[in-house]
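All remarks here apply to the structure that follows.
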Amino acid sequence: MLILGSTIGVGLASGQEVVIFFAQYGFISIIFAFLFFILFTYGLIQLLKYGNMLQQKPDFLKNHKQNYLLESFSSIIFLIFSATMLAGAESLLNDIVFPSKFHLWSILIIFIGILAISKELNWLIIINNILVPIIIVSTVLVCALSFNISSHSDLVLSFDFSNLVFLFISSILYVACNLMVNSKIAIELGLKIKEKNIKIVAIISSLIIFLLISLIIISLLLNDNSLLFADMPIVYIAFLINPLLGYFYSVVILLSIITTFFATFFSLKEIVHEKFKSNFLSKLLSAFAIFIVSLFGFESIIRYSYPLIGALGIIMLFNIKNQMSCSECECTCDIKKPKTKISQ
């Protein structure tokens, strides 16, 4: 559930991630969604195995020099995700409530966020555990009902070589992006589960995500092509089906956005707090950075920054794979050795 909750966020459930990484290339993108399933399963298995290896060898990290890639990239990830959530919330509230001037919704959410992260966030875990199944079921329902709305789009099976290259690169980056987002959760999960259950967890989680992506692709491409230009195309489809369904789905998405925003805002603040000991100053600096990045807009942040996270994810996976190789062969790469004086 934790892996699903991290992956099936507002970007995927709203349809925007699916448009950018898959649907804009036509129905052939479903084949590359299956490629996502294969690669994401493999990457997830590696992360879970890494966590399992750390469980069996608790002194491994102490004996190896760490470049701490996960920690180094965390601040960038939490900043981007917090800004994405904030921009998404403002876009949604502008549509379903009223358009705000001077980014009123963003300022209001940040203010509430500052108050929320002043307390323990255990309640967020409980809410997210409830929201994730609701988001999955609601998204499936909206996509299934959308098949009866219209059929304005032609069947697009592009075999343009450049499109296939872009699709391949896009799929790789999307896999790496989601693995990066899930890295800490998967490693922590690997510490707790048995080795024989690793493949089962990875396959089931990846399969659910693949099926949801494929369903969203079909739903988007069977309807009007203009949906591909909407900030939140699945929300737009929900309103086309029925206004009540649209508002219900919007509220579900909004709750998911706000709870995720609180969690990522808190995580970013904690990282900043390590540099600036003042808790209040850490909140203000984090909030200011999030607000500035959110001004780029929901769609733009996903389009341009998620591939960056994907690139960081590829580096992280190579780093983890290298460490696992060192562990398996019991080699001495990166092992701290005491300095000895050379007698002259």
Side-chain angles (χ1 to χ4, degrees), residues 1-17 74-75 77-97 103-140 142 177-178 180-186 188-189 205 208-209 212 231-232 234-235 238 246-272 282-283 286-287 289-291 293-294 298 301-302 306 309:
M1 187 62 71
L2 289 174
I3 294 173
L4 291 176
S6 298
T7 309
I8 306 173
V10 61
L12 198 156
S14 68
Q16 185 57 243
E17 286 181 14
S74 291
S75 56
I77 292 173
F78 291 134
L79 173 60
I80 291 174
F81 267 76
S82 297
T84 304
M85 297 304 109
L86 188 61
E90 171 148 317
S91 174
L92 190 58
L93 288 169
N94 282 339
D95 288 339
I96 66 174
V97 184
H103 302 282
L104 174 64
W105 294 121
S106 293
I107 295 171
L108 179 61
I109 292 170
I110 286 177
F111 178 74
I112 296 173
I114 290 175
L115 297 177
I117 65 174
S118 300
K119 301 179 180 180
E120 292 293 328
L121 298 182
N122 292 333
W123 57 276
L124 280 179
I125 298 175
I126 299 173
I127 292 177
N128 274 326
N129 286 339
I130 298 172
L131 277 176
V132 170
I134 294 176
I135 290 174
I136 294 174
V137 173
S138 301
T139 305
V140 171
V142 171
C177 175
N178 280 285
M180 188 68 190
V181 171
N182 282 286
S183 56
K184 288 194 174 183
I185 293 174
E188 287 293 324
L189 186 59
S205 300
I208 292 173
I209 297 166
L212 198 60
D231 259 4
M232 297 187 176
I234 300 299
V235 175
Y247 282 111
F248 171 76
Y249 195 67
S250 297
V251 170
V252 171
I253 292 291
L254 184 61
L255 287 174
S256 175
I257 289 174
I258 292 176
T259 53
T260 303
F261 173 73
F262 289 165
T264 54
F265 185 12
F266 176 81
S267 299
L268 178 62
K269 186 268 296 183
E270 288 296 295
I271 294 174
V272 175
S282 300
K283 289 178 185 177
S286 300
I290 291 169
F291 178 74
V293 177
S294 73
F298 181 65
I301 295 174
I302 292 179
Y306 277 37
I309 296 177

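Between the side chain of Ser91 and the backbone N or O of Ala87 there is no donor-acceptor pair closer than 3.5 Å.
In this structure, NE2 in His103 is found 10.5 Å from CD1 in Ile110, a value given to the nearest 0.5 Å. Ile302 CD1 to Cys177 SG: the interatomic distance, rounded to the nearest 0.5 Å, is 9.5 Å. In this structure, the separation between CG on Leu108 and CG on Leu93 is 8.5 Å, given to the nearest 0.5 Å. With rounding to the nearest 0.5 Å, the separation of CD1 in Ile253 from CD1 in Ile258 is 12.0 Å. Rounded to the nearest 0.5 angstrom, Thr84 OG1 and Phe261 CZ are separated by 11.0 Å. Taking CZ of Phe248 as the reference point, atom OG of Ser138 lies at 4.0 Å (rounded to 0.5 Å).
Side-chain atoms of Leu86 and Glu90, non-hydrogen and from C-beta on, never get closer than 4.5 Å to each other. Within the 4.5 Å cutoff, the side chain of Ile209 has heavy atoms near those of the Leu12 side chain. Between Met232 and Phe298, the closest side-chain pair of non-hydrogen atoms falls below 4.5 Å. Between Glu270 and Phe78 the shortest side-chain heavy-atom distance does not fall below 4.5 Å.
In terms of heavy atoms, Ala83 sits closest to Val293 at CB-CG1, 3.4 Å. Considering every non-hydrogen atom in both Ile114 and Ala287, the closest pair reads CD1-CB, 4.4 Å. Scanning both residues, Gly113 and Phe265, for their nearest heavy atoms gives C-CE2, 3.8 Å. Shown here for Ala89 and Ile109, the closest heavy-atom pair between the two residues is CB-CD1, 3.4 Å. Ser82 and Thr264 get closest at one heavy-atom pair: OG-OG1, 2.8 Å. Taking every heavy atom of both residues into account, Ser250 and Leu92 meet most closely at O-CD2, 3.4 Å.
With respect to Ser282, the side chain to side chain contact (heavy atoms under 4.5 Å, CB included) criterion is satisfied by exactly one of Ile117, Ile271, Val272: Val272.
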